[in-house]
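Quick notes on the structure that follows.
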Amino acid sequence: MSFNREDPVTVLKGVGGKSAEYFHNAGIDTIGDLTEYYPARYEVYEQPGTLSGKADGQIVAVCGFLEKTPGVRRTGRTSITTARIRFRDTQVEETLQALWFNMPYLRGSVKTGKVYVFRGRLRRNGKSVSLLQPQLFDPEEYEAKCAALQPVYPPVKGLTNNALRKAIRQALEGLSGDREEKDYLPKEILERYELARISYVGWQMHFPENEFSMQSARKRLVFEEFLFFLLTVRMIREEMAQVICPHSLHVCVQEQMLLDALPYQLTGAQRRAWSSIRAELTGSHVMTRLVQGDVGSGKTVIAFLAMITAAGNGKQAALMVPTEVLARQHYASFTGICKKAGIECPSVLLTGSLSVKEKREARAAAATGKALVIIGTHALIQEGVEFKNLAVVVTDEQHRFGVRQREHLLEKGELPHTLVMSATPIPRTLAAILFGDMDITVIDEMPGGRLPIRNCVVGKAWRPNAYSFIRGEVRKGHQAYVICPLVDASELVDAENVHDYAQMLQNALGREIRTGILHGRMKNAEKNAVMEAFANREIDVLVSTTVVEVGVNVPNATVMMIENAERFGLAQLHQLRGRVGRGADQSYCIFLCTQETKENKERLEILERSNDGFEVARKDLGMRGPGDLLGVRQSGEAQFRVADIYRDAAVLQMADEAAKELYDAIITNKEPQMGRLRTKLLYYQGDDLKNLNI
Ligand code: ADP
Ligand code: MG
């Protein structure tokens, strides 16, 4: 069978109604979509071997057999199948307990005495050693797997990794032969930057022969992704340069009133940032500016100054943030400071937890111009809110470089000035390329009088000390966060959960200390109530998932304790740490490492040594092991589908060069061989829009 990229996935054998729906839900409709559904990472199957030197929580493989038929027992709704594996560990025969959850049928299917490779997660608990949820392989089959990289796809609900692989193989087979000559990148570019041809990419990403071939396929994809992005940025910039600013603002008295009401003086960096923003707001061009500054550097007040300047001119300003909690917090501090300064500035909050009526009223206030300042979540403001005369748009904590999103907003408000606030530590040279359509301001100075956060990386055994430390801080009138990876207990993931932990912690700390919980599965209204209670000091210790990660500001909190810290990315840990050290008091961050392997400790110690986000990001990169290098995607802030701005910085430079060179040829559309590239670019831009759901 042969297919075109535009054919629906249902042309594949075995893909019908239900699975087509599963594919559709994951954004896969056509053969092209499917072949571009790249693995999230690749698994490397190690040779089966010894357990010595393997730590708790690691994935390991041993070659051995079961002595007896497995036993099955039930506890509540789960069934647990257990068996003893006998295997050879270097020279001695050893045994090991295997545990499977909810797989009672194994008892009938596994053969005692037959040799298998068992691959699963190692658990060491005191003297006892067991293997959790091991997969069974025929030794020969396993040997074959050891040679190749095994792709692991981002999960598609309803489909297994294997089903995805099968469908992708079929799709690639159907497409092959078709594309050899039709590369849309010019030959000179392919040669100069040593890029693989597009016909090579699909197979080598999905079924790589080896790591080298996968890496070279990946490089081509990364280049292409950067190239299309940069061409788009360039198009926007050219368009913007033509525009005369419809919102030239005047300097207004409210600005000074707000500055006078602040309980502090602006830092030098804040003053410089504000003076360039102010000059642009009052100038003749539309501002598009990125304000980059590490967590806690004081970006919010800069946003407020820009907003109050719009309002002082009788025009509107919108502030968009990623979470409801943050929207409420900004709303409260903005209205609070206005009140204190004696500034009359009608403002509304627009978030998901408002009632239908409240939302309607808030929207009406935005549309009629009754409200001059509108604060809310990205989604809500983008979805069908009309403004009367929007002059300033601020996006806070926006990590995604969605150029089209910026353009979309511009269309919405007759070209308002835009300000993007980001704490993502991107080196300046990269930022200049990635934000090619924006001017960049860096806030590179922390407010004075702050003591640097004290960090410590500790093991489980240190927990009691941590608790007495927290107790001591609470007695001094301070507050603390404790972060757990999970909301509820899980059999498969061995990590702390908010519910059980909070209970345990309450017992450990004693009655006089008030604990609260916060996690993403709570209703918005509940979350808000808890956050408010914490901000008002009605809760001393907040046990939370990473929902507090971005932007939350409770300066009285002085302790951040992170359980199972090794489970998080360093960038994320740095963000979490940024929740403390926001006031004048000494703050502390305790990284509790539960899987105390050498690598985990070394990685966390980067945070112990530095409080600087840039430094952390750079070191993190240098630390990645070979397994991580295979990972296509950096967790957390995935702005690009395949590319990673840190790791692929060199390719970004190449793509930047190529974009400069190709731009005119593509835009003027005079050279016929550019037609295919142009079509591809438009397709990319359409896709970018689709991904933003607007
Ligand atoms: P971020 O850059 O992470 O958004 P915020 O704007 O939330 O940081 O500021 C962090 C904290 O520092 C807030 O409590 C804020 O009131 C305070 N702050 C901001 N600027 C200054 C300053 N110049 N001097 C002292 N404190 C400041
Ligand atoms: Mg902030």
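In each ligand, atom 1 is the first atom listed, and ligand 1 is the first ligand listed. Values in this document were obtained by computation on a predicted structure and should not be read as measured data.
- Of the N or O atoms in Val301, none lie within a sub-3.5 Å distance of an N or O in ligand 1.
- Every atom of ligand 1 with a heavy atom of Val295 under 4.0 Å away is listed here by number and element: 3 (O).
- Contacts between Pro555 and ligand 1, counted as non-hydrogen atom pairs separated by less than 4.0 Å, involve the side chain only.
- Judged by the shortest distance from any of its heavy atoms, Gly293 lies outside the 4.0 Å radius around the atoms of ligand 1.
- Using a 4.0 Å cut-off between a side-chain N of Lys or Arg and a carboxylate O of Asp or Glu, Glu324 and Lys527 do not qualify as a salt bridge.
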**Prompt:** Under the salt bridge (charged side-chain N to carboxylate O under 4.0 Å, His left out) criterion, do Glu615 and Arg609 qualify, and how do the steps go?
**Reply:** CA-CA 10 Å; Glu615 179 80 13; Arg609 281 195 299 273; over 6 Å; no

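- Those atoms of ligand 1 with a heavy atom of Asn553 less than 4.0 angstrom away are 13 (C), 14 (O).
- Judged as a side chain to side chain contact (heavy atoms under 4.5 Å, CB included), and not counting sequence neighbours, the contacts of Asp656 are Leu230, Ile433, Lys660.
- Every residue meeting the side chain to side chain contact (heavy atoms under 4.5 Å, CB included) condition with Arg271, not counting sequence neighbours, appears here in chain and number order: Leu266.
- Contacts of Gln265 with ligand 1, taken as heavy-atom pairs under 4.0 Å, involve the backbone alone.
- At least one N or O atom of Gly296 sits closer than 3.5 Å to an N or O atom of ligand 1.
- Taking each of Thr300, Ile302, Thr267 in turn, the one with a heavy atom nearest to atom 5 (P) of ligand 1 proves to be Thr300.
- Salt-bridge formation is detected for the pair Glu496/Arg463: a Lys NZ or Arg NE/NH1/NH2 atom is positioned less than 4.0 Å from an Asp or Glu carboxylate oxygen.
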**salt bridge (charged side-chain N to carboxylate O under 4.0 Å, His left out) between Glu605 and Lys601, worked out** = CA-CA 6 Å; Glu605 278 159 10; Lys601 281 216 191 112; over 6 Å; no

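- Residue contacts with ligand 1 for Leu266 involve N, CA, C or O but no side-chain atom from C-beta outward (heavy atoms, distance under 4.0 Å).
- Under 4.0 Å from ligand 1, the heavy atoms of Arg450 that appear belong solely to its side chain.
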**Request:** Take Arg328 and Met531 through the test side chain to side chain contact (heavy atoms under 4.5 Å, CB included) and record every step on the way to the result.
**Result:** CA-CA 9 Å; Arg328 283 186 179 262; Met531 225 31 242; over 6 Å; no

